[in-house]
Student: 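My structure is below; once you've seen it, I'll send some questions.
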Amino acid sequence: MFRSLSLKRSFKTHLKTLIHCPQHPPPPPPSPVLFSSIRALSTASSPPSSSSDSELRKYLGYTALLAFCGVATYYSFPFSENAKHKKAQLFRYAPLPEDLHTVSNWSGTHEVQTRHFHQPENLKQLEELVKESNEKRVKLRPVGSGLSPNGIGLARGGMVNLALMDKVLEVDKEKKRVRVQAGIRVQQLVDEIKDYGLTLQNFASIREQQIGGILQVGAHGTGAKLPPIDEQIISMKLVTPAKGTIELSKEKDPELFYLARCGLGGLGVVAEVTIQCVERQELVEHTTVSNLKDLKKNHKKMLSENKHVKYLYIPYTDTVVLVTCNPVSKWRGPPKFKPKHTTDEAMQDIRELYKESLKKYRARDITTKSSDSNEPNINDFSFTELRDKLLSLDPLNKDHVMKVNHAEAEFWRKSEGYRVGWSDDILGFDCGGQQWVSETCFPAGTLSKPSMKDLEYIEELKKLIETNELPAPAPIEQRWTARSQSPMSPASSSAEDDIFSWVGIIMYLPTMDARQRKEITEEFFHYRHLTQSQLWDKYSAYEHWAKIE
């Protein structure tokens, strides 16, 4: 699924249906009823007392104020010329300005309106924009593809997006390095350099991020021997407000270079980066199902012997899905493996649960009933799509969410096996639909001596969920990286052998109903607050920049 920020403009033509009033027609004559009311008030018989005069003056004052407000309101709204012959209505709405942009992130959790959304096409235009903004003291915030569930890149004052600066500028096949404009998307970059036999060292779960964005927030893949993505950057061009365009590298100015690599756009706009790549290779993905008790026995071995590894925990079950990825052996080749279950068999439990749940909830609410002929074929849905549909029936009912989680556990048990493919395909992960996510990063010892704090964190997190009866869906995703030398990275460390664990909790937004989304949001922040108050300080955890609220 292509994921990107949503950018919309308001047009007069879109608002014509809302406008039924003339630009400045003569105001309608005062109502006869109004005059008769005033006359009645002025001629009404009453005792000659100061209180009666006071009451009369008060009501006359209210009447005059009401008439004045009506006339002032009538003339305060601008209307288009083509509406001047239309009949006046009681309620009218001013059209939005044509230059007002509405920008939202992919999850639809944050939105901002601005008149200043800039998309320069080259370095010169970007330099002029930053310089002009600085001279006029206008705020300007870099924003990427808008994939983060938070609003860290959104700003009403002004934004700059480099989606039109998306070119591969240079490829050094011998040194395995590429120089690119910062607006290029990860998937686009991978597609353009694969003919050179190159690819990126590691990947996040999705591929639609802009390189500048994935770098500046300190994004990461998984693998205890592999650092976050900012460590893949060799040099960069930074367009700054006061000093213009500066080139940074470890050799020229290491302190500023490390600070700017994961800088959230705070030191300037990243215009170009040079990336250290690796040879393109096929990987073998191995998916198995275990439990936390057995996992503890093999955890150190899992981290040290696998290039890429992640764990997926299913709340309210003892299921842990282990996913490892390693290069295909040059001598043995890919494993010969026949899966025990077909895709349809793996999907059987969740499909049956969907049918039962749909029937149950329709029986409760007659307004949701529809003919079977209008229902889409559930066999056409992927697992994540069907999970979203299931959760949308009752997303905050703990018992319902538990049933969905148990069906997911069965899906993974029947999906054990191997998959072979290029790294940029294998390392991807279908995260599902719109969602709230909070991800923390904390130290987990060293590669030679893991502290086991990572599994202790999970045990406490699962206990927290069950004790508070949270409607927590699956999965809780746990990954690992080596350290980063960038001071702003959540995995920052000066010790080369340090490793860090990243744990993400999630709540999906499977509906567009505003009330339901608000309720899910409130429950998610309650969930997040509990983890923050009970776990973060204890484990020295920091929230991932791309997920922080």
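Computed from heavy atoms alone, side chains included, the values below leave out hydrogens, waters and symmetry copies. All figures in this text were calculated on a predicted structure; none of them were measured in a lab.
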Student: Surrounding NZ of Lys403 (heavy atoms of other residues, nucleotides or ligands, distance under 6.0 Å), is the total greater than 12?
Tutor: no
Student: What verdict does the salt bridge (Lys or Arg N to Asp or Glu O under 4.0 Å) test give for Arg179 and Glu272, after you've listed the backbone C-alpha separation in whole Å, the side-chain angles of each residue and the deciding distance to 0.1 Å?
Tutor: CA-CA 7 Å; Arg179 184 167 62 90; Glu272 294 178 11; 3.0 Å; yes
Student: Nearest 0.5 Å, please: how far is CG in Leu461 from CD1 in Ile505?
Tutor: 6.5 Å
Student: Classify the side-chain pair Arg185/Gln210 by whether it contains a donor and acceptor separated by less than 3.5 Å.
Tutor: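 Gln210 and Arg185 do not have a side-chain donor-acceptor pair below 3.5 Å.
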Student: Do Asn134 side-chain atoms and Pro241 backbone N/O form a donor-acceptor pair below 3.5 Å?
Tutor: yes
Student: With side chains defined as the heavy atoms from C-beta onward, is the minimum distance between Ile234 and Arg177 less than 4.5 Å?
Tutor: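 In contact.
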Student: Whether the side chain of Arg141 engages the backbone of Leu154 through a donor-acceptor N/O pair (distance < 3.5 Å, no angle test) should be reported.
Tutor: yes
Student: Which atom names give the shortest non-hydrogen contact between Ala260 and Leu248, and what distance separates them?
Tutor: CB-CD1, 3.7 Å
Student: Check whether more than 12 heavy atoms from other residues, nucleotides or ligands sit under 6.0 Å from atom NZ of Lys398, and answer yes or no.
Tutor: yes
Student: Nearest 0.5 Å, please: how far is CZ in Phe525 from CG in Leu530?
Tutor: 13.5 Å
Student: Please answer whether the main-chain N or O of Asp454 pairs with a side-chain N or O of Gln478 as donor and acceptor at a distance below 3.5 Å.
Tutor: yes
Student: Hey, does Thr245 have a side-chain heavy atom less than 4.5 Å from the side chain of Leu238?
Tutor: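 Sidechains of Thr245 and Leu238: no contact.
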Student: Using 30° and 60° as the class limits, which term best fits the ring planes of His220 and Trp502: parallel, tilted or perpendicular?
Tutor: parallel
Student: Check whether any side-chain N or O of Gln534 sits under 3.5 Å from a backbone N or O of Thr531 as a donor-acceptor pair, and report yes or no.
Tutor: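 Side chain of Gln534 to backbone of Thr531, a donor-acceptor pair under 3.5 Å: no, none is there.
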Student: What's the shortest heavy-atom distance between Glu208 and Ser145, and which atoms?
Tutor: O-OG, 2.9 Å
Student: With a 4.5 Å heavy-atom cut-off, do Phe500 and Ser493 have their side chains touching?
Tutor: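 Yes. Closest side-chain heavy atoms under 4.5 Å.
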Student: For the side chain of Glu439 and the backbone of Gly504, is there at least one donor-acceptor N/O pair under 3.5 Å apart?
Tutor: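 Between the backbone of Gly504 and the side chain of Glu439 there is no qualifying donor-acceptor contact (under 3.5 Å).
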Student: Any side-chain heavy atom of Asn405 sitting closer than 4.5 Å to one from Val401?
Tutor: yes
Student: Do Lys414 and Pro339 make a side-chain contact, defined as non-hydrogen atoms from C-beta onward lying under 4.5 Å apart?
Tutor: no
Student: Mind running side chain to side chain contact (heavy atoms under 4.5 Å, CB included) on Ile314 and Glu408 for me, showing each step along the way?
Tutor: CA-CA 8 Å; Ile314 315 296; Glu408 178 158 354; 4.1 Å; yes
Student: Enter the distance from Asp349:CG to Arg413:CZ here, rounded to the nearest 0.5 Å.
Tutor: 9.5 Å
Student: Where does the angle between the aromatic ring planes of His286 and Tyr418 fall among parallel (under 30°), tilted (30 to 60°) and perpendicular (over 60°)?
Tutor: parallel
Student: Donor-acceptor pair, distance only, cut-off 3.5 Å: does the side chain of Thr440 make one with the backbone of Glu543?
Tutor: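 Side chain of Thr440 to backbone of Glu543, a donor-acceptor pair under 3.5 Å: no, none is there.
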Student: After noting the C-alpha distance and the side-chain angles of Lys296 and His299, does the key distance pass the side chain to side chain contact (heavy atoms under 4.5 Å, CB included) rule?
Tutor: CA-CA 5 Å; Lys296 288 181 179 179; His299 180 54; 5.7 Å; no
Student: I'd like to check Pro490 versus Trp545 (side-chain heavy atoms, cut-off strictly below 4.5 Å). Are they in contact?
Tutor: yes
Student: Is Glu460 paired with Lys462 through a side-chain N to carboxylate O contact shorter than 4.0 Å?
Tutor: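 No, no charged N to carboxylate O under 4.0 Å.
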Student: Is there a donor-acceptor pair under 3.5 Å between the side chain of Ser357 and the backbone N or O of Tyr354?
Tutor: no
Student: If you take all heavy atoms of Ile465 and Ala472, which pair is closest and at what distance?
Tutor: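 Taking every non-hydrogen atom into account, CG2-CB, 3.8 Å.
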Student: What's the spacing between Leu215 CG and Gln209 CD if we round to 0.5 Å?
Tutor: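 Result: 12.0 Å between the selected atoms.
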Student: Check the side chains of Tyr508 and Gln434 for a donor-acceptor pair under 3.5 angstrom, ignoring hydrogens and angles.
Tutor: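 Short answer, no.
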Student: Between the main-chain N or O of Arg483 and the side-chain N or O of Asp498, is there a donor-acceptor pair closer than 3.5 Å?
Tutor: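 Not a single qualifying donor-acceptor pair exists.
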Student: Take Tyr311 and Met302, measure what side chain to side chain contact (heavy atoms under 4.5 Å, CB included) needs, and give me the verdict at the end.
Tutor: CA-CA 10 Å; Tyr311 301 162; Met302 291 286 290; 3.4 Å; yes
Student: Can you tell me if Asp166 and Gln181 form a side-chain donor-acceptor pair at under 3.5 Å?
Tutor: no
Student: In a check of side chain to side chain donor-acceptor pair (under 3.5 Å) between Arg261 and each of Glu231, Gln216, Gln232, which one passes?
Tutor: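 Only one of Glu231, Gln216, Gln232 forms a side chain to side chain donor-acceptor pair (under 3.5 Å) with Arg261, namely Glu231.
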Student: In the structure I gave you, are the side-chain heavy atoms of Gln516 and Pro395 within less than 4.5 Å of one another anywhere?
Tutor: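 Yes. Closest side-chain heavy atoms under 4.5 Å.
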Student: Show your reasoning for whether side chain to side chain contact (heavy atoms under 4.5 Å, CB included) applies to Asp424 and Phe203.
Tutor: CA-CA 7 Å; Asp424 53 286; Phe203 295 90; 3.6 Å; yes
Student: Using 4.0 Å as the upper bound for N to carboxylate O, is an ion pair formed by Glu519 and Arg515?
Tutor: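 Here Arg515 pairs with Glu519 in a salt bridge, since their nearest N and O are under 4.0 Å apart.
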Student: Indicate yes or no: does Asp318 engage Lys293 in a salt bridge with an N to O separation below 4.0 Å.
Tutor: no
Student: Under a 3.5 Å cutoff, is there a donor and acceptor pairing between the side chains of Thr319 and Trp412?
Tutor: no
Student: Looking only at heavy atoms, what is the nearest atom pair of Pro473 and Leu391, with distance?
Tutor: CB-CD1, 4.2 Å
Student: Count the heavy atoms of every other residue, nucleotide or ligand shown that sit under 6.0 Å from CD of Glu279, and state whether that count exceeds 12.
Tutor: no
Student: Are Thr274 and Ser235 close enough that a side-chain donor and a side-chain acceptor fall under 3.5 Å?
Tutor: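 The criterion, which ignores hydrogens and geometry beyond distance, is satisfied for Ser235 and Thr274.
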Student: Nearest 0.5 Å please: distance from the OH atom of Tyr539 over to the OH atom of Tyr457.
Tutor: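 Nearest 0.5 Å value for the OH-OH distance: 9.0 Å.
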Student: Could you report the tightest heavy-atom contact between Gln201 and Pro227, atom names first, then the distance?
Tutor: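 Smallest heavy-atom distance, with atoms named: OE1-CD, 3.8 Å.
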Student: With a 4.0 Å cut-off, would you call Lys518 and Glu522 a salt bridge?
Tutor: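 Salt bridge: yes.
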Student: Taking atom types as modelled, is there a side-chain donor on Ser484 or Asp230 under 3.5 Å from an acceptor on the other?
Tutor: yes
Student: Is the Trp436 ring parallel, tilted or perpendicular to the Phe524 ring (thresholds 30°, 60°)?
Tutor: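 If you compare the ring of Trp436 with that of Phe524, the planes turn out parallel.
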Student: Does Arg280 use its side chain to pair, donor to acceptor, with the backbone of Lys194 at less than 3.5 Å?
Tutor: no
Student: Can you give me the closest heavy-atom contact between Gly144 and Asn161, atom names plus distance?
Tutor: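 Closest heavy-atom pair between Gly144 and Asn161: O-ND2, 2.9 Å.
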Student: Output the distance between atom CD1 (Ile506) and atom CD1 (Ile476), rounded to the nearest 0.5 Å.
Tutor: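 Separation between the atoms: 10.5 Å.
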Student: Is it the case that over 12 heavy atoms from other parts of the model lie below 6.0 angstrom from the CG atom of Asp399?
Tutor: yes
Student: Just checking His526: does its NE2 atom have more than 12 heavy atoms from other residues, nucleotides or ligands closer to it than 6.0 angstrom?
Tutor: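 For His526, atom NE2 is crowded (more than 12 foreign heavy atoms under 6.0 Å).
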Student: Please determine whether the number of non-hydrogen atoms from other residues, nucleotides or ligands lying under 6.0 Å from atom OH of Tyr542 exceeds 12.
Tutor: no
Student: Give a yes or no on whether a salt bridge exists between Glu456 and Lys453, defined as a side-chain N under 4.0 angstrom from a carboxylate O.
Tutor: yes
Student: Aromatic rings His116 and His118: how do their planes relate, parallel, tilted or perpendicular, breaks at 30° and 60°?
Tutor: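 It falls in the parallel class, under 30°.
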Student: Under 4.5 Å between any side-chain heavy atoms of Leu259 and Leu267, yes or no?
Tutor: yes
Student: So, does Asn306 use its side chain to make a donor-acceptor pair with the main chain of Val309 at under 3.5 Å?
Tutor: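 Judged by distance alone, no pair lies under 3.5 Å.
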